[in-house]
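Before any comments, here is the structure.
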There are 4 protein chains.
Amino acid sequence: MTTQEEKTRRAELIAAASRLFKEQGYERTTVRDLAQAVGMQSGSLFYHFRTKEEMLVAVMAAGIGDLTDRLEEALGQAKTPMDKLRTVCRVHLDTLLGDDKGALSVLLYEWPSLSDKARAELIKLRDSYERDWQQVLDEAAAAGLVHEDTRLLRKVLLGGLHWTIMWYRPEGGGTPSDLADRILELIIRKK
Amino acid sequence: MTTQEEKTRRAELIAAASRLFKEQGYERTTVRDLAQAVGMQSGSLFYHFRTKEEMLVAVMAAGIGDLTDRLEEALGQAKTPMDKLRTVCRVHLDTLLGDDKGALSVLLYEWPSLSDKARAELIKLRDSYERDWQQVLDEAAAAGLVHEDTRLLRKVLLGGLHWTIMWYRPEGGGTPSDLADRILELIIRKK
Amino acid sequence: MTTQEEKTRRAELIAAASRLFKEQGYERTTVRDLAQAVGMQSGSLFYHFRTKEEMLVAVMAAGIGDLTDRLEEALGQAKTPMDKLRTVCRVHLDTLLGDDKGALSVLLYEWPSLSDKARAELIKLRDSYERDWQQVLDEAAAAGLVHEDTRLLRKVLLGGLHWTIMWYRPEGGGTPSDLADRILELIIRKK
Amino acid sequence: MTTQEEKTRRAELIAAASRLFKEQGYERTTVRDLAQAVGMQSGSLFYHFRTKEEMLVAVMAAGIGDLTDRLEEALGQAKTPMDKLRTVCRVHLDTLLGDDKGALSVLLYEWPSLSDKARAELIKLRDSYERDWQQVLDEAAAAGLVHEDTRLLRKVLLGGLHWTIMWYRPEGGGTPSDLADRILELIIRKK
DNA sequence: GATGAATGAGATTTCATTCAT
DNA sequence: CATGAATGAAATCTCATTCAT
């Protein structure tokens with residue numbers, strides 16, 4: 001029960017932090033902003049998290065964990081290399097640009113705000129996500145769908161997708177999935 | 001003479017700010033850090049710049065201005081669409097990853113730190129740079145070298161290039177120009 | 001209880017600020033002075049007041065509010081026009097020159113230190129006090145006690161009273177009430 | 001010649017300081033404001049005045065000196081006690097409220113900004129002015145025009161006149177001389 | 001006489017964090 | 001679990017003043 005509520009409160013906090021860190025940036029978001037967003041006093045936050053950075057880490061970990069989960073679930077239903085390729089791109093943009101809290105964009109753009117220690121922890125999670133991507137790209141390359149330098153392709157394509165957050169506007173820009181498909185077109189080799 | 005020295009001092013300050021903002025981020029760099037880097041007292045900074053943000057803007061304006069200059073000069077010597085394509089990518093990565101002060105990476109990654117007013121000023125400069133890119137991509141598409149959705153391609157390719165700063169390491173990664181060529185390969189259509 | 005303590009702490013701060021602003025002037029009083037006077041760190045002040053100016057406004061509002069309260073209470077016990085006339089003068093000088101914290105003299109002499117916004121808020125309070133004066137003077141004029149240009153008289157007499165703070169010395173100067181009576185003599189017509 | 005120009009420059013500075021100290025207050029006026037108002041750099045001020053306070057003293061001394069001069073000249077032409085009474089009031093308000101630079105109001109309202117040492121110097125000048133007033137009031141009392149407690153009357157009347165600067169507005173308020181006459185009415189005994 | 005650059009002390013304010021209740 | 005108050009270090013910025021040129 002207590003644990004239940006604890007989980008709830010923590011989750012609320014992480015959701016609020018995601019949103020605020022995304023909107024205003026980590027450094028510019030104060031502990032008071034965070035507390036106010038969930039209706040508590042700033043001192044109370046420190047019952048749930050030991051430091052502000054711990055909140056940032058929690059947001060990021062939730063972001064990357066959630067993303068990986070979504071990806072693996074979606075990949076389970078994709079059969080062909082082409083299907084899988086489409087899936088990785090769509091899931092990435094749906095998560096990044098969809099109207100969820102924004103944990104993924106915090107992960108990307110507040111990376112330099114992390115201390116070295118915190119970074120190490122998160123790198124593992126990120127690597128696991130990128131491993132999934134790597135597999136999909138390798139299969140696609142084997143099928144002649146994309147350039148065979150898949151390690152480079154992974155980094156560049158992910159970079160291109162990440163950057164969409166700087167310019168994508170839902171109004172008149174199509175859905176994130178549409179955009180993912182159009183971007184994929186740019187790097188697909190003719191069959 | 002006076003103007004000369006003024007330029008020198010201001011330029012020194014901008015160079016130091018570029019470096020520090022890149023290394024530590026804008027928010028985490030204090031005016032004391034900045035002052036110390038050029039050997040003055042923190043109060044003296046404000047003789048040259050009215051606010052810390054004004055320094056950020058100066059760094060960014062210098063970064064994008066310098067980049068545009070370099071690009072236009074280099075494009076003057078490029079003849080074919082393919083040459084031009086290679087040029088825009090190379091100049092971009094040389095500037096971003098080369099061992100200069102890092103003004104360009106500050107421009108990219110501290111964009112959210114700007115006030116709306118400051119942003120407006122810089123958008124003009126950025127647009128001018130992107131217009132050059134657009135022309136090159138349009139020519140390349142006309143020659144069948146790249147996908148014809150050049151507006152999207154511009155954004156995605158630039159995003160991919162921008163992101164290299166997150167993972168590129170000079171040791172064993174080839175030169176920035178090499179990397180530019182390899183990235184270009186990923187989106188070039190067969191001739 | 002909490003409210004009680006809150007009130008206490010805030011009141012302490014206002015009292016200290018009254019004294020210091022009176023003694024040294026608003027601009028020359030630092031927040032460190034203020035904090036030290038109540039035994040806290042300078043940063044802690046900003047838990048209670050958002051800015052230094054907010055403290056000035058609080059001092060002034062307390063000063064004028066207190067003065068109006070005293071006046072209205074005292075007027076309740078005055079019967080004749082002459083009694084009332086004596087009352088307004090006495091209350092004014094007792095408050096201004098009496099050994100309370102000095103909020104009223106801060107109100108008078110730091111008026112130009114206020115921002116326009118803050119001033120507007122206080123003008124209402126001041127007007128309410130001057131309305132009480134106006135009534136008393138009007139009654140006195142009707143009774144032939146003072147010159148009938150009561151609006152001018154109000155301003156000039158109040159000015160004369162305000163200015164006493166520049167020269168009144170308790171030692172050998174009589175009490176503030178005595179002084180009030182003597183000043184009143186200067187403008188009384190008919191006995 | 002040099003002395004001539006020196007005088008000119010100094011006078012310019014004092015005039016500008018009068019105006020700025022009156023408009024913004026002494027503490028809120030920066031040395032840069034002052035310098036800019038006469039078209040020089042802030043460092044150059046210190047050739048003419050050793051400190052900022054020295055400028056304040058110069059403004060005040062000029063203010064009180066000028067006032068005394070005007071008064072003594074005007075008194076020379078006044079014959080009767082009543083004439084003289086009118087003269088002291090008119091000269092005072094003309095100088096205080098007239099559209100000159102405002103040195104007199106600076107004298108009155110920035111008095112607390114002075115260091116003790118500077119104050120001592122100015123007190124002499126002020127006393128000389130008040131002695132002139134005292135004589136006029138004494139004559140007037142002897143003639144039965146005003147209350148015989150002339151020392152108190154001097155202080156209170158001067159206070160009332162000083163305070164006009166807080167509320168007098170040229171538009172629709174009559175001239176300063178008119179106002180002086182009306183104020184005089186308030187304290188004149190029946191003829 | 002004047003300037004431009006710098007100084008350096010100090011101002012207000014911010015904010016993550018602590019802790020008694 | 002939460003609060004309200006406070007801490008204290010540090011941040012940006014201000015400004016009278018100095019001084020070499």
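So that the names make sense, note that chain A is the first sequence line, chain B the second, and so on, each numbered from 1.
Between atom CG of residue L20(A) and atom CD of residue Q36(A) there is a gap of 9.5 Å, rounded to the nearest 0.5 Å. Here the CD-OG1 distance, from E110(A) to T29(A), works out to 8.0 Å after rounding to the nearest 0.5 Å. If you take CG on L96(D) and CD1 on I165(D), they are separated by 4.0 Å, rounding to the nearest 0.5 Å. Distance CG/L108(C) to CD1/I64(C): 8.5 Å, rounded to 0.5 Å. A distance of 11.5 Å separates CE of M60(C) from CD of E121(C), quoted to the nearest 0.5 Å.
The phosphate of dA2(E) has neither OP1 nor OP2 within less than 4.0 Å of any side-chain N or O from Q41(D). Not one side-chain nitrogen or oxygen of R9(B) sits closer than 4.0 Å to the OP1 or OP2 atom of dG4(E). Taking only side-chain nitrogens and oxygens, H48(D) comes nearer than 4.0 Å to OP1 or OP2 of dA2(E).
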Can you check nucleotides 12-16 of chain F for protein contacts, nitrogen or oxygen pairs under 3.5 Å, and list what you find?
from, atom 1, to, atom 2, distance (Å)
dT12(F), OP1, K52(B), NZ, 2.9
dT12(F), OP2, V31(B), N, 2.9
dC13(F), OP2, K52(B), N, 2.9
dA16(F), OP1, K52(D), NZ, 3.1
dA16(F), OP2, V31(D), N, 2.5

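Look at the C1' atom in both dT21(F) and dG1(E): the space between them is 13 Å, to the nearest Å.
With a 6.0 Å cutoff to the six-membered ring centre and a 45° limit on the axis angle, K52(D) counts as a cation-pi contact of Y26(D).
Regarding L20(C), its CG atom lies at a distance of 13 Å from the P atom of dA11(E), rounded to whole Å. Rounded to whole angstrom, the span from the CD atom of Q36(B) across to the C1' atom of dT7(E) amounts to 16 Å. The CD-P distance, from Q24(A) to dC15(E), rounds to 10 Å in whole Å. Summarising the geometry, the separation between CZ on R10(D) and C1' on dA2(E) is reported as 17 Å, rounded to the nearest angstrom. Between L45(D) atom CG and dG4(E) atom C1' there is a gap of 14 Å when expressed in whole angstrom units. Here the P atom of nucleotide dT13(E) and the CG atom of L56(C) are 12 Å apart, to the nearest Å. Between the C1' atom of dA5(E) and the CG atom of L13(B) lies a distance of 12 Å, rounded to the nearest Å. Atoms OH (Y47(A)) and P (dC19(E)) sit 17 Å apart, rounded to a whole Å.
Remark on DNA chain E: of its neighbouring residues M40(D) and G39(B), the 5'-side contact belongs to M40(D), judged by nearest-heavy-atom nucleotide.
With hydrogens and angles disregarded, a donor-acceptor distance shorter than 3.5 Å links the side chain of E53(C) to the backbone of S115(C). Looking only at distances, a side-chain donor or acceptor of S18(C) sits under 3.5 Å from a matching main-chain atom of I14(C).
Legend: residues meeting side-chain hydrogen bond (donor to acceptor under 3.5 Å, both in side chains) with S105(C), ordered by chain and number and at least two apart, are absent.
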Just the dot-bracket of DNA chain E, please: which string comes out with Watson-Crick or G-U pairs under 3.5 Å, [ ] for crossing, | for another strand?
.||||||||||||||||||||
